[in-house]
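Both counts, for ligands and for their atoms, begin at 1 and track the order of listing. In this chain, residues are counted from 1 in sequence order.
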Amino acid sequence: MIFSKVVGTGGYVPGKPVSNDDLVARGIETSDEWMAGRTGIRFRHFADAGVTTSQLATRAAQDALQAAGLQAADIDLLVVATTTPDMVFPSTACLVARALGMPAGAPAFDVQAVCSGFVYALTIADKFIRSGSHRRAMVIGAETLSNILNWEDRGTCVLFGDGAGAMILAAAEQPGVLATAIHADSTHAGVLGVDARPSGGKMLGVPFITMDGQAVFKLAVRALEEVALEALSMASISTADLDWFIPHQANSRIIQAVAKRLGVEMERVVVTVDRHGNTSAASVPLAMNVAVRDGRIQPGQHVLLQGVGGGFTWGSVLLRY
Ligand code: UT7
């Protein structure tokens with residue numbers, strides 16, 4: 001049997017942290033008290049104008065290659081999860097492959113599942129490796145959400161940030177990835193989105209994030225609880241045997257509610273939403289990388305990754321690190 005295993009992680013956030021008070025100073029009608037209390041967010045990072053998602057993704061990928069002791073030429077599959085691609089096409093993954101100097105041949109493509117994108121991409125890469133067709137996959141979640149924030153809408157613009165996280169999966173004799181479960185329910189397509197597209201030389205629609213925050217909140221808590229239990233049961237692992245829980249970093253109240261329902265104490269939950277804000281597809285690999293680098297996540301430990309977001313989409317990947 002062939003399994004897939006994490007052999008390296010990486011992360012990159014652009015520029016200096018932007019505090020809640022910095023946003024107030026920029027004229028947004030909000031407060032540190034509201035943001036910290038309602039969302040847990042204290043800081044986020046924004047890319048400078050002209051800095052693209054593929055550039056952030058490339059930095060995270062280089063970081064992961066270094067951690068794994070690998071070269072770009074060792075990668076035979078490149079998947080980028082993003083909602084903020086550099087352009088309509090080529091894919092962000094192809095632009096990252098070029099920036100990394102990957103030799104021609106390895107497939108490279110984007111996955112669009114919004115904040116569940118990384119968990120979707122990891123699931124896809126795991127299946128490629130388990131099939132025997134590929135041996136080393138670079139999986140990246142990367143976003144420049146600052147490009148699609150409406151600074152007139154305090155209900156959304158304070159929540160999001162830019163960044164990229166990467167993970168390298170390699171073929172292994174022992175798992176690795178223990179279980180994957182991904183889902184979508186399009187009946188909730190309207191709760192969260194950017195309803196815009198280029199057409200006839202113009203941008204049609206509104207090129208900013210719109211969200212029914214309370215609807216997303218409720219859907220997210222229920223979906224995350226269900227899909228956590230699904231992945232754990234697929235691998236016959238109990239919540240007591242879980243070492244680290246890394247849910248999508250959108251709101252600390254969502255994270256706390258899901259952890260409570262699962263009976264996982266907050267000491268076993270990796271939380272980075274306070275310093276990164278919601279970085280959509282980048283949030284889970286960024287959080288994982290933080291906890292790997294600071295020594296919390298150790299080899300052999302069970303780690304549950306979770307995404308949830310627009311579409312509506314959600315999913316879990318359970319790993320033995
Ligand atoms: O990646 C997945 C996508 N996103 C999510 O997971 C987000 C899910 N939803 C949430 O995290 C929360 O619903 C929010 C943080 C977005 C909002 O929190 P809430 O507790 O649901 O607040 P609300 O929308 O019900 O608004 C409560 C009040 C309102 O004022 P009134 O009507 O009570 O006077 C808002 O106008 O908070 C006000 N408000 C703000 N006040 C200060 C909304 N945004 C802000 C703000 N600063 N930035």
Query - Under-4.0 Å protein heavy-atom contact, atom 40 (C) of ligand 1 - result: yes
Query raised in the report: Should the ring pair F128 and F109 be called parallel, tilted or perpendicular, given that the plane angle runs from 0 to 90° and is split at 30 and 60?
Result: tilted
Query raised in the report: So which heavy atom in the protein is nearest atom 4 (N) of ligand 1, and how far is it from that ligand atom?
Result: M211 SD, 3.4 Å
Requested in this report: List in chain and number order the residues that pass ring-ring contact (aromatic ring centres under 6.0 Å, His included) with F46, two or more places apart in sequence or in another chain; answer none if no residue qualifies.
Outcome: W151
**Report entry** N or O pair under 3.5 Å between R253 and ligand 1
**Finding:** yes
Query raised in the report: For R154, which residues count as a salt bridge (Lys or Arg N to Asp or Glu O under 4.0 Å) partner, sequence neighbours excluded?
Result: none
Query raised in the report: Heavy-atom distance from atom 20 (O) of ligand 1 to the protein below 4.0 Å?
Result: yes
**Report entry** Atoms of ligand 1, numbered as shown, that sit under 4.0 Å from any heavy atom of I254
**Finding:** 6 (O), 8 (C)
Report summary line: of all protein heavy atoms, closest to atom 48 (N) of ligand 1 is R154 O, 2.9 Å
Query raised in the report: In ligand 1, which numbered atoms sit nearer than 4.0 Å to a non-hydrogen atom of C115?
Result: 1 (O), 2 (C)
Requested in this report: Could you say whether the N/O atoms of G213 and ligand 1 ever approach to under 3.5 Å?
Outcome: yes
Query raised in the report: Relative to atom 24 (O) of ligand 1, which among Q214, H248, E29 owns the nearest non-hydrogen atom?
Result: Q214
Requested in this report: Check each heavy atom of T30 against ligand 1 and say whether those closer than 4.0 Å belong to the side chain, the backbone, both or neither.
Outcome: both
Query raised in the report: Do R320 side-chain atoms and L178 backbone N/O form a donor-acceptor pair below 3.5 Å?
Result: no
Requested in this report: Just jot down the ligand 1 atoms closer than 4.0 angstrom to any heavy atom of T39, in number order.
Outcome: 15 (C)
Query raised in the report: Which atoms of ligand 1 have any heavy atom of R38 under 4.0 Å away?
Result: 19 (P), 20 (O), 22 (O), 27 (C)
Report task. Can you sort out which atoms of ligand 1 are near L192, meaning under 4.0 Å from one of its heavy atoms? Result -> 3 (C)
Query raised in the report: Of A250, A215, S31, which has the heavy atom at the shortest distance from atom 6 (O) of ligand 1?
Result: A250
Query raised in the report: With a 4.5 Å heavy-atom cut-off, do V51 and L56 have their side chains touching?
Result: yes
Query raised in the report: Do the side chain of S252 and the main chain of T39 share a donor and acceptor less than 3.5 angstrom apart?
Result: yes
Query raised in the report: Taking the side chain as C-beta and beyond, is there a heavy-atom pair between R268 and D243 under 4.5 Å?
Result: no
Requested in this report: Return yes if a side-chain donor-acceptor contact under 3.5 Å exists between T180 and D126, otherwise no.
Outcome: no
**Report entry** Numbered atoms of ligand 1 (with element) below 4.0 Å of V158, judged on heavy atoms
**Finding:** 48 (N)
Query raised in the report: Are any of the protein's heavy atoms under 4.0 angstrom from atom 31 (P) of ligand 1, yes or no?
Result: no
Query - Min side-chain heavy-atom separation F312-V191 under 4.5 Å - result: yes
Query raised in the report: Within the distance-only criterion (no hydrogens, no angle test), does the side chain of N289 pair as donor or acceptor with the backbone N or O of G165 below 3.5 angstrom?
Result: no
Report task. Answer yes or no for G155: is there a heavy-atom contact with ligand 1 below 4.0 Å? Result -> yes
Query raised in the report: Given side chains that start at C-beta, do those of L169 and V6 come closer than 4.5 Å, heavy atoms only?
Result: yes
Query raised in the report: Side chain of W244, backbone of R296: donor and acceptor closer than 3.5 Å?
Result: yes
Report summary line: With heavy atoms and a 4.0 Å threshold, my read on which part of N278 contacts ligand 1 is side chain
Requested in this report: Just jot down the ligand 1 atoms closer than 4.0 angstrom to any heavy atom of V216, in number order.
Outcome: 3 (C), 4 (N), 5 (C), 6 (O), 8 (C)
Query - Check: T279/E143 side-chain N/O donor and acceptor closer than 3.5 Å - result: no
**Report entry** Shortest reach to atom 28 (C) of ligand 1 by a heavy atom, considering only W34, F160, F217, W314
**Finding:** W34
Query raised in the report: Considering only the protein, which heavy-atom contact is closest to atom 10 (C) of ligand 1, and what is its distance?
Result: N251 ND2, 3.6 Å
